[in-house]
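Note sheet for the following structure.
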Amino acid sequence: MSLEIELSKVTKSYGPGKTVVRELSLVLPAGKTLCIIGTSGCGKTTTLKLINRLIEPTSGELRIGGRDVLSGDVIALRRSIGYVIQEGGLFPHMSVAQNVGLVARLLAWEPERVARRVDELLELVNLDPGEYRHRYPEELSGGQRQRVGVARALMADPPIVLMDEPFGALDPITRIGLQNEFLRLKRELGKTIVFVTHDLPEAFKLGDLILLMHAGELMQLGTPHELLRKPASSFVTDFLQAHTIHDPQGDAPDA
Amino acid sequence: MRETLQRLVWVGLLVAALTPAVSAGPAAGRIVIGAKNFTEQIILGEMLAILAEEGAGLEVVKKFPLGGSHICFEAIKKGEIDVYPEYTGTALAAILKLPIVPDRVAVYKSVKEAFEGQYGLTVLKPLDFNNTYTLTLTAARAKALSVKSITDLVPHAREMLLGCTHEFVERPDGLPGLQKTYGIEFREVKALDPGLTYKALAEGKIDVCDGYMTDGRIKAYNLQVLDDDRRFFPPYQALPVVRTEIVRKHPKFREAVERLGGLVTDEEMREMNYAVDDGGKTAEEVARAYLASKGLARHPIAGAKVSSHSGFLAYMWDRRAYLAGLTAVHLQITGIAVLLASLVGLPFGILLSRKPQMAPASLMIINVVQTIPSLALLGFMVPLLGIGAVPAIFALFLYALLPIVRNTFTGIRGVDVALLEAARGLGMTDRQVLFMVELPLALPVIMAGVRTSTVINIGTATLAALIGAGGLGEPIFRGIAMVDPNVILSGAVPAALLAVAADLLLARLEMALAPRRRSKR
């Protein structure tokens, strides 16, 4: 299951001259992955947090699956959206199983059902449940913590997953391994995913759509190919030229 | 599951340790005896106790030493004690604040009238001796300066350091009146505990001290008593003051105590004081021996009790039951105070973490309470709450509050913001964030606050003895009053051990309660 996300003219301002997101409009079709990139402080993380209402917009509209979600129950909204942050954001006083099963416990699932689902998800992210279930976050490597973070986000099978620089603190080898697993999961699960990264190659590798932001404004929204072939402004060109980008259009296109 | 069980056991133990009731008020057939914090008062207190027990068949509760005339008087007014020995002059000048007159009978009459008319107290026959205030200096110094009276001292006083009791500094029949009458001015005035002044004088640490005429140490330290040549000091005859209700209920007690009226000369009182201060006898032994010699009490069984203690440990062992009782009371007072402070401080700390703009002002107010000297805070409680466990617990509660509130606040504020965001992002309600994330992660800091409170409170609670709450301060203050290091240590050592033990126990509790961060492997 996946749902479409639609932002229209969303603005977040902390007062005059302190606008962090300005009149942002976009539609992310169900099942697609949007990667948001941009310089530090461009508003990409704010945009992500606007979607699960960790930050409430000053104005504009937010619809998920065509339904306005700004007026509804914020707790229910968040429980229906998976959330992954840098280094996993795992609770140090909870075991792997407790971290992964957290949302299900909040939703008051039966303990047996929680345990079954936790094992299923640990297997999905390639962690042997027998070995890792009872471990604590401090006893895991960075990559393992990130896998647990992803498993936790998927616990209640949410239609949407938000990921805030999830692989940002990992070494390059682990990072590439997890990126490849991300692509596999994306194909297997078909979720709508919003993925914030400051790493351009990562965005081009993982995203069906790329949103390039600067100073709280949309610079360009399009497929990786469109950004490379039809940059909307000289800013986009300059930004892309700062990195060596591999056009994914040349490879097998996403189904 | 096992963890939960373990936690329950801990909490259960803690509650069990604290539940036995705090000592109740006076009951039928019981009499509560008070006395101030110096040797003579303790001997008189013991006399009253023996007379109540043997003469009137009452069950005796001893609430002494109490920290001064003011506390004794407040306590008897509130019915927290039933009887205590007062002095005619003290009652006149310090309590009733009436003009000072030199005549014994006149003083006795005005005190009796006021106490019985205004306060529901009955004043029994006074004893014979007059424990008047005096000024003393070493005999050698007095001879060198050829000073015999207070008037003689006036020209030398400007170079002298006066060491005297806190009461003497304040009382109208003390230093202020003395200054007015003689125009005497000292270079410096230092207030000391009554147990310490003579020793300080003998060792040359002070030049002059206030003295009690019947104090045995005046002779022992070879001190010169100065003549009150202008008859400033009023007479100070010991005066048993009883609540009128008790006199009505127990006429036998009145009879027994009145038999003491007119007895005990200056010399006899001085000898008894000396026997306790320097002769290694206990106040109880001395009191009993005197009463027995007058046929007012049974003679002590010969050889039943060795009066001089062979060593500190033997002394402690002799009094193990008494000390164990005091330790239990001490634990109760501090335990209840810390428990109450936790029950109030924890929610308040949480509230502040939710409204951090309130924090600086709130913490400052609690901090100000913390800076009130403990003895002052205890003294302040007496007019409001009387004496005994209740005001002591309340004062200790106020002291325990700051570390708990502050640590709860900083502990919660110290939780990683990223984790809070993750918690909210996963759809936790504010309550769930608090109980599932913030409190478990802040627990070590909060527990550190509880530990600090407890250890500070175990020390401060020794002062609670001065307002009749009992506990390990009781032997400490008796020991200071009677200049007996063994007695002091018999309170101080268990108090110190208690603080260490409590700290270790709470460290274990903290470990048992703290969320695990590592798997058992």
Side-chain angles (χ1 to χ4, degrees), chain A residues 45 48-49 51-55 73-108 111 131-140 148-149 152-156 158 161-166 169, chain B residues 1-7 10 346 350 353-354 356-357 407-408 410-448 507-521:
Chain A
T45 294
L48 188 86
K49 288 178 181 170
I51 297 173
N52 64 1
R53 292 178 60 192
L54 278 176
I55 297 174
D73 176 8
V74 67
I75 299 295
L77 173 74
R78 289 178 190 157
R79 287 178 186 173
S80 70
I81 297 178
Y83 186 43
V84 185
I85 65 174
Q86 199 169 37
E87 295 191 61
L90 302 183
F91 300 115
H93 60 300
M94 297 183 191
S95 68
V96 166
Q98 286 169 332
N99 265 292
V100 174
L102 189 67
V103 178
R105 290 212 308 282
L106 297 179
L107 294 169
E131 186 171 353
Y132 289 98
R133 200 190 283 133
H134 297 299
R135 290 215 195 164
Y136 280 78
E138 284 175 14
E139 299 167 319
L140 302 177
V148 175
R152 181 173 70 178
L154 295 173
M155 183 69 193
V161 179
L162 306 179
M163 304 176 92
D164 192 358
E165 300 203 35
Chain B
M1 191 59 212
R2 268 207 47 211
E3 263 175 74
T4 325
L5 208 68
Q6 206 176 7
R7 283 177 207 185
W10 274 110
L346 207 66
I350 293 169
S353 75
R354 292 296 177 271
Q357 67 276 13
N407 281 36
T408 305
T410 48
I412 290 178
R413 299 287 290 173
V415 173
D416 188 353
V417 181
L419 291 180
L420 296 181
E421 197 124 87
R424 275 196 291 274
L426 290 170
M428 284 191 192
T429 61
D430 287 347
R431 177 179 283 265
Q432 285 165 336
V433 173
L434 177 66
F435 284 101
M436 297 172 74
V437 180
E438 289 179 297
L439 285 180
L441 290 175
L443 194 84
V445 182
I446 297 173
M447 279 303 295
R508 292 290 300 274
L509 180 67
E510 181 184 328
M511 268 162 62
L513 290 174
R516 195 134 45 90
R517 284 170 176 242
R518 299 218 150 248
S519 54
K520 282 183 191 158
R521 274 193 294 177

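Just so we're clear, the structure is a prediction, and the values are computed from it rather than from any experiment. What's counted below: heavy atoms across the whole structure, side chains too, no hydrogens, waters or symmetry copies. All chains are named by letter (A, B, ...) in the order of the sequence lines, taking the proteins before the strands, and each is independently numbered beginning at 1.
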Minimal non-hydrogen separation, Thr429(B) against Ile75(A), with atom names: CA-CD1, 3.9 Å

With respect to chain B, which residue among Ile81(A), Val103(A), Leu106(A) yields the maximal number of heavy-atom pairs within a distance under 4.5 Å? Leu106(A)

Residue part contacting chain B, namely of Arg133(A), when any heavy atom lies under 4.5 Å: neither

Kindly give the heavy-atom pair with the smallest separation between Gly89(A) and Ala422(B), and that separation in Å. O-CB, 3.8 Å

Best-contacting candidate, Leu54(A), Leu162(A), Asp164(A), against chain B by heavy atom pairs under 4.5 angstrom: Leu54(A)

Is the number of heavy atoms from other residues, nucleotides or ligands under 6.0 Å of Asp430(B) CG greater than 12? no

Give, as side chain, backbone, both or neither, the part of Leu441(B) having an atom under 4.5 angstrom from any heavy atom of chain A. side chain

Can you say whether Ile85(A) sits under 4.5 Å from chain B via the side chain, the backbone, both, or neither, judging by heavy atoms? side chain

Measure across Arg79(A) and Leu426(B) and return the closest heavy-atom pair with its distance rounded to 0.1 Å. CG-O, 3.7 Å

Quick check on Leu107(A) against chain B: is it the side chain, the backbone, both or neither that has a heavy atom closer than 4.5 Å? neither

Could you please spell out the steps behind the side chain to side chain contact (heavy atoms under 4.5 Å, CB included) verdict for Met436(B) and Leu102(A)? CA-CA 10 Å; Met436(B) 297 172 74; Leu102(A) 189 67; 3.5 Å; yes

To check you understand the geometry: which heavy-atom pair defines the closest contact between Met428(B) and Phe91(A), and what is its length? CE-CE1, 4.1 Å

